[in-house]
Structures are given as structure tokens and as C-alpha cells.
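Right, one structure below, let's go through it.
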Amino acid sequence: MKLATWNVNSLKVRLPQVLEWLGTSGVDVLCLQELKMPHDKFPLAEFEAIGYQACWAGQKTYNGVAVISRDPARSVQINMPGFPDDHQRLIAATLPSPQGDIRVVSVYCPNGQAVDSDKYTYKLAWFAALREWLLTELAAHPRMVVLGDYNVAPADADVHDPAKWEGDILVSPSEREAFEALLSLGFTDAFRHFPQEEKMFSWWDYRRMAFRRNAGLRIDHALVSSALLPFCTACEIDKGPRRNEQPSDHTPVIVTLDLPVEKEA
DNA sequence: ATGGTAGTGCAACTA
């Protein structure tokens, strides 16, 4: 079972790339962020035409998240109860697997803009709420994967030029602590669970030829709960879509769970 | 220190 996350930066613009990538990558579940479209403009028919279902939370211009899956999602929840938010940044869904249900969450964590801004305060509050919500969600659904754009590069190894970025938004100590606080619930950053090449990133600024220079950050992550970790066999970044014409500034991260069908006694 | 690009939606905001 392959699950992926991709901040598409407008699903309207990126839809052909997403449909093509679903066909070539063979992922079973795809979490999307930054749909940037009103809820009623979501292209459900296009996904259904290639054998996928979808649940989503859209809004005009900004944010927006979705879970695309071969199987229909159940118990869909949008945003976090107890944390009123104008932004559509989280959607959770229960999906079947050969070994029982899995709880999948697509998150678009706030960017924060700058460390001294109101948006930074909102970002840290959002992460604190996410931790509290995941604590209870994990108790109800131990088999959980939280995929998305966290807008945090967890360590200097996830930054192309750590000295230049030191203390900046996306790498500041408080943001990294907020990310680590999620891991402390029992999640593992799947990418770091396996040996990886150096300088592997998931986002490159559109400006200053950042992708050509590999001047990127790793801010898109798949967090796997301890109950599922034994079945996690791979996590990779697919740089292919970032090379497309008119690409998103993010590229997909794929996590593989090896869940063989349990034989009957 | 600033600006560089992309998307939405048509000015200015977000990233």
C-alpha cells in the first residue's frame, strides 16, 4: 500500500499533472494540500474516471486539503474540533487496508510567514492544537499516517544552506520543537526511518532558479504511528513532478506500507 | 537590505 502527499499549489492548474502522476506512481492514497479552490469546484468526476474516490475541504483562493483514494473514505472529519479555524487545513479519513482500517490525515500546516509575525503565533497555536488532537485521535485509531506540508524543516540536514536559513521561518527552534512534539506522541518521520541520499528536499522556491540549484527544504512529511511502523518498508521523495512544465513548488513524498493479506486459519 | 516567481483574481495578498 502506497500513500503519498503533494502540495499542488492550485489543483485547478495542477489537475492534469496529478491525474498523470496517479497513473504512473500507482499510489493508493494521495493527500493533497493547497487546493486553492472553492469546495464546489473540486474535480471529483476526473478522479472517479481513473478509479479514485475523494474527500476534500476547499475554500476560495487559499488552503484546501483532500484525500484521494482507491477505496471510499469513512468517518471523514474536516479541521480540528475545539480549534475554530477559517482555513481548511486538515482532513482525516478512515480507509481499508488488507490488515484492517487505517486513519489517514492530510495536513496543510500554516507557513508562518516570518518569526515575528501574527501568522507565526497562529502557526505555533495550530501545531499545539494539532498535537492535542492527534493525542486523542491516536487513542481511537492507533494505525495512523499523517501526511502533508508541515512547513517545518526538522533538522539542518533538511535545509540546503543551514547557515543562511538559521532562525528563519520554516527552521526556527520553536517550529522544530512543535514538530518534535508531534513525534513525541509516537510518530516517526518515515523519511528518516530509512537511509537516504543527502540534500533531499520536497520544496524549492519558484524564485532564483532554486530547483536547478537544489536550493530546497524538506518540509513535506509522512508521520507513521508506532502501530504501523513495523509495516513501513520505504519512504521516498519523487522529484519527477517538480521537473514538469508549470510545476508546483512542492514535489510528492511517498510512503510504502507492506500489509500482506492475512491468511485464514 | 531587497527582490526574485507563481497563483488567485484583477489589487494585493500568500507563499
Side-chain angles (χ1 to χ4, degrees), chain A residues 5-21 30-43 46 56-66 79 84-91 106-127 130 147-154 158-172 174-176 178-179 201-221 237 239-253:
Chain A
T5 179
W6 191 4
N7 178 326
V8 290
N9 186 25
S10 168
L11 184 56
K12 182 182 173 184
V13 172
R14 236 62 70 186
L15 181 62
Q17 298 179 41
V18 173
L19 296 173
E20 204 246 339
W21 191 75
L30 175 58
C31 295
L32 299 176
Q33 301 86 36
E34 284 209 88
L35 308 182
K36 291 188 170 181
M37 62 171 40
H39 192 78
D40 61 1
K41 293 286 195 281
F42 187 89
E46 282 83 349
W56 69 95
Q59 68 179 90
K60 188 181 161 189
T61 311
Y62 301 120
N63 311 305
V65 286
N79 283 347
D85 197 348
D86 294 336
H87 300 177
Q88 304 285 255
R89 294 187 175 275
L90 183 151
I91 187 166
S106 178
V107 291
Y108 175 48
C109 304
N111 171 283
Q113 200 167 65
V115 292
D116 57 355
S117 68
D118 291 347
K119 294 192 177 66
Y120 185 76
T121 307
Y122 165 68
K123 180 176 192 172
L124 295 180
W126 199 93
F127 268 91
L130 179 62
L147 304 109
D149 176 1
Y150 288 77
N151 270 311
V152 176
D158 304 309
V159 181
H160 75 279
D161 186 345
K164 193 168 120 182
W165 276 82
E166 188 177 4
D168 280 358
I169 197 69
L170 311 182
V171 309
S172 74
S174 294
E175 290 166 89
R176 286 177 166 174
F179 182 79
F201 308 122
S202 66
W203 169 83
W204 301 261
D205 201 299
Y206 284 121
R207 296 165 286 192
R208 295 176 299 175
M209 311 259 288
F211 184 62
R212 296 231 176 273
R213 298 186 289 117
N214 197 28
L217 302 180
R218 192 176 69 90
I219 57 176
D220 300 271
H221 311 297
I237 294 171
K239 285 175 81 168
R242 191 60 176 80
R243 299 189 191 98
N244 290 348
E245 281 191 46
Q246 209 174 6
S248 168
D249 45 351
H250 297 251
T251 212
V253 179

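Every chain is numbered from 1, with letters handed out A, B, ... down the list of sequences. The figures that follow rest on heavy atoms only: side chains count, while hydrogens, waters and symmetry mates do not.
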Rounding to an integer number of angstrom, what distance separates B:dG7 and B:dA11 when you compare their C1' atoms?
14 Å
Please confirm whether A:His250 and A:Trp6 have ring centers closer than 6.0 angstrom.
no
Examine the side chains of A:Asp86 and A:Tyr62 and answer whether a donor and an acceptor come within less than 3.5 Å of each other.
no
Using the C1' atom in both, what is the distance from B:dG4 to B:dA15, to the nearest Å?
13 Å
Position toward the 5' end of DNA chain B (nearest nucleotide), A:Pro247 or A:Trp203:
A:Pro247
What integer number of Å spans the P atoms of B:dC13 and B:dG3?
16 Å
Atom C1', compared across B:dC10 and B:dT14: separation rounded to whole Å:
16 Å
Over all atoms of both residues, closest heavy-atom pair of A:Asn214 and A:His160
O-CB, 3.6 Å
Starting at the 5' end of DNA chain B, which residue's closest nucleotide do you reach first, A:Thr61 or A:His250?
A:Thr61
Going by atom types only, do A:Gln33 and A:Asp149 share a side-chain donor-acceptor pair under 3.5 Å?
no
Minimal heavy-atom distance between A:Glu175 and A:Asn111, with the atoms involved, is OE1-O, 4.4 Å
Just checking A:Phe211: base, sugar-phosphate only, or nothing, at a heavy-atom cut-off of under 4.0 Å?
nothing
DNA chain B: 5'-most and 3'-most nucleotides touching chain A, 4.0 angstrom heavy-atom criterion
B:dG3 to B:dA15
Using the P atom as the point on both nucleotides, what is the distance between B:dT5 and B:dG9, in whole Å?
22 Å
Non-hydrogen atoms of A:His221 and A:Val152 that approach each other most closely:
NE2-O, 2.8 Å
